[in-house]
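Working notes, beginning with the structure itself.
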Amino acid sequence: MTDQHDGVDKPVQPGGYFPRCQHTKTYAPFTRKLLADQQQDQSYQKRDTTATKEEIRVDTTEAKQYFSKHLLDWYNVHKRDLPWRRSRNPYYIWISEVMLQQTRVETVIPYFHRFVEKFPSVEALADAPEEEVLKAWEGLGYYSRARNLQAAVREVKEVYGGRVPDTQEEISSLKGVGPYTAGAVLSIAYNKPEPAVDGNVMRVLSRYFLLRDDIAKPATRIGMERLAKELIPEGEARDFNQALMELGATVCTPKSPHCLTCPVIEHCAGRMEGAVDALPVKTKAKPPRPEKRAVAFIEGAGENAGKVLARQRPKEGLLARMWELPHVLLPETIAALGPESDEAAMRCLSESLASEHGLEVEPLAPMMDAEHTFSHIHWQMRVYRCRFAGLAGRAAENGSAAGDSDDGNVFLWFGERELEQYALPNVFVKILKQAGSYRS
DNA sequence: AACACGGGGGA
DNA sequence: TCCCCAGTGTT
C-alpha cells in the first residue's frame, strides 16, 4: 500500500507544481476537481467562483491539454506495428479487443492471425460450428470470451445486417462487450469520442493525476472513464485512446516504468510525489483455493489402441465444453494424507467415476503429477494409469453427438485426429505431451 | 460488492 | 519459484 495514506489529515504543503490538499487522501488540485465533478457536479459549480478555484480550473485545463498533446505526438512516432492496426475493419478491431482482454499483445498476435484467416468475416464466424471457434481459441484462456463473441457476431449478422454497430447503446448490448470493449471499438474503428479504460489506462491516469483510488473498485473505473473522455482531443479519439494504452503497455509499465523516456514526465504528479512505484493502488485478490484431484489416464485396447479416454466438460461453468482426462476432486480426508494416500485416492477415483459417469476403471499405479493454477483455484493433480473396464449405458463411440441429457457425461477415445479437432485446457495438453502418447 | 473465469511473463 | 496482470458476466 501507499506510505502516504494513513487516514490522518495532512497539512497543506507549500511549493511544488501540485501542492498537496488538506484531505485524508492527498490529491493534486485537479484530482480533487475530478472527484468533485463525479460526486457533486452542482455544488462544485457554485464553489467555483472564488479566485482560488479559478486558478485550479486553469491549472487543470493546462495539465490536461499538455497531457493529450504530448501523448498524441509521442504515439505518432512510437506506435507499434500491430496486425489489427493495419485494418479499420470494425470486425477485426473487435476480435483483437476481445482477445486482448486479460491477455498480452505478444500472446494475442498469432491467435489473431489464425482467427481472422479462419473466420475472415462476421458471416464466416457466425456460420462456423462452435467447436471450431473453441479450437481456434485453445490456449488463450477465458473461453467464455469465444462463446460470447460468436453469439454476439450472430446477433450482428441477424439484427444489424452484418455491420458492427457504431453506437454505445447497440454495441454495449452485445454479449461480451462491456464498457472497455465498447469504447475501444467505437473509438478505434469509428473514431467516436468514447473512453476505452483498461488496466493500462487506469495505471497511467492514476500516476499522472496522482489518483490514489483503488482501481479494483468499479466506482474508480467510472471516474477514470469520465476523465479519459475529457482528455480526448477533438477528432482524435482513435489515436488518443490507443496512445494512452500504448504508453501504459510500453513506458508506464506496472513495474520499473521507463519514466525517463515518458513524453509527459514533465507534469506527472505521481512522479513529482515520488509515488510512481506505489501506484496504482489496488486491493489484492484473495489467493486461489487449493484442490487435490485424481486424474485417470485410460489407454484404449483393440481398435482404440494408442488412444486415451477423454471426457467433455459440462456446457456451463469452468472450461465449459472443453475436453479433458476424467478426474475427481479428492475429499479433504484423503487430500490431507499427502503423497502416501495413493491407495485411498485410487479407490476414490474408481468409485467416483463409476457413480458420476458410469465409467468403470481399475486404477493401477501413479503415473505423474501436474499442477494448474486458475485465478481462483489451484489444482494439484496426480495422474493414475488405469485399466478400462467398461462404460455403462453407452459405448465410448467416436463421432456421436452429445445430447443435452449427456451434458458432462460424454466420452471419446482421443488420438491424433481428435487432438487436432477438439479443444483441451492447457494442463491436459501438457499431461498428454508428457505421457508421450502423441507428437506435439 | 463479491465472485467466477485461464494462461503467460517477469523478478 | 512466486508474484503480477485484469474485462465481462453472474449472483
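Order of the sequence lines sets the chain letters (A, B, ...), proteins ahead of strands, with each chain counted from 1. The model shown is predicted, which means the values in this text are computed figures rather than measured ones.
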Could you measure between the two [atom1] atoms, the one in [N] and the one in [M], and give it in whole Å?
N: dT10(C); M: dG7(B); atom1: C1'; answer: 22 Å
N: dT8(C); M: dG9(B); atom1: C1'; answer: 23 Å
N: dC3(C); M: dG6(B); atom1: P; answer: 23 Å
N: dC5(B); M: dC5(C); atom1: C1'; answer: 14 Å
N: dA6(C); M: dA11(B); atom1: P; answer: 15 Å

May I have the distance from [X] (atom [atom1]) to [N] (atom [atom2]), rounded to whole angstrom?
X: His378(A); N: dC5(B); atom1: NE2; atom2: P; answer: 17 Å
X: Arg145(A); N: dC5(B); atom1: CZ; atom2: C1'; answer: 10 Å
X: Arg221(A); N: dA6(C); atom1: CZ; atom2: C1'; answer: 12 Å
X: Asp198(A); N: dT8(C); atom1: CG; atom2: P; answer: 10 Å
X: Glu316(A); N: dT8(C); atom1: CD; atom2: P; answer: 20 Å
X: Asn241(A); N: dG7(C); atom1: CG; atom2: P; answer: 14 Å
X: Arg321(A); N: dC5(B); atom1: CZ; atom2: C1'; answer: 15 Å
X: His258(A); N: dG10(B); atom1: NE2; atom2: C1'; answer: 12 Å

Quiz prompt | Distance-only donor-acceptor check, side chains Gln242(A) and Arg85(A), under 3.5 Å | solution =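 Present: a donor and an acceptor within the cut-off.
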Mind checking [X] for me? I need base, sugar-phosphate or nothing, with any heavy atom below 4.0 Å counting as a touch.
X: Thr373(A); answer: base
X: Ser375(A); answer: base
X: Val98(A); answer: nothing
X: Arg203(A); answer: sugar-phosphate
X: Leu100(A); answer: nothing

Quiz item: Out of Arg154(A), Lys135(A), Arg321(A), Lys315(A), which one pairs with Glu130(A) under the salt bridge (Lys or Arg N to Asp or Glu O under 4.0 Å) rule?
Solution: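 Exactly one pass, corresponding to Arg321(A).
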With a 4.0 Å limit, can you tell me whether [X] has a side-chain N or O closer than that to the phosphate oxygens OP1/OP2 of [N]?
X: Lys286(A); N: dC3(B); result: yes
X: Asn148(A); N: dG7(C); result: no
X: His372(A); N: dG6(B); result: no

Quiz prompt | Contact nearer the 5' end of DNA chain C, comparing Lys175(A) with Tyr142(A) | solution =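 Here Tyr142(A) is the residue nearer the 5' end.
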Quick one: which of [options] gets closest to the side chain of [X]?
X: Ala285(A); options: dA6(C), dT8(C), dG6(B); value: dA6(C)
X: Pro254(A); options: dC5(C), dG7(C), dA1(B); value: dC5(C)
X: His376(A); options: dC5(B), dG6(B), dC5(C); value: dC5(B)

Practice problem: Using both distances under 3.5 Å as the test, list the Watson-Crick or G-U wobble partner of dC3(B), or none. | Solution: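 Paired with dC3(B), as far as the under-3.5 Å criterion goes, is dG9(C).
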Quiz item: Does the salt bridge (charged side-chain N to carboxylate O under 4.0 Å, His left out) test come out yes or no for Glu273(A) and Arg271(A), once each step is laid out?
Solution: CA-CA 5 Å; Glu273(A) 283 290 320; Arg271(A) 170 87 181 170; over 6 Å; no
Practice problem: Assign each of Gly139(A) and Lys255(A) to its nearest nucleotide of DNA chain B by heavy atoms, then name whichever residue's nucleotide is nearer the 5' end. | Solution: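 Result: Gly139(A).
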Practice problem: Starting from the 5' end of DNA chain B, give me the residue, Arg289(A) or Tyr111(A), whose nearest nucleotide shows up first. | Solution: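 Its nearest nucleotide lies further toward 5', so the answer is Arg289(A).
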Exercise. Could you tell me how the ring of Tyr92(A) sits relative to the ring of Phe112(A): parallel (under 30°), tilted (30 to 60°) or perpendicular (over 60°)?
Key: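 Perpendicular, since the angle between the ring planes exceeds 60°.
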Quiz item: Are Phe297(A) and Tyr384(A) close enough that their ring centres sit under 6.0 Å apart?
Solution: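 Distance test on ring centres: not under 6.0 Å, no.
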Quiz item: Looking at Arg293(A), Glu371(A), Lys292(A), which one forms a side chain to side chain contact (heavy atoms under 4.5 Å, CB included) with Trp379(A)?
Solution: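 Option passing the side chain to side chain contact (heavy atoms under 4.5 Å, CB included) with Trp379(A): Arg293(A).
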Exercise. Start with the C-alpha gap between Glu123(A) and Lys157(A), add the side-chain angles, then the distance that decides, and say whether salt bridge (charged side-chain N to carboxylate O under 4.0 Å, His left out) holds.
Key: CA-CA 6 Å; Glu123(A) 287 69 28; Lys157(A) 179 190 174 189; over 6 Å; no
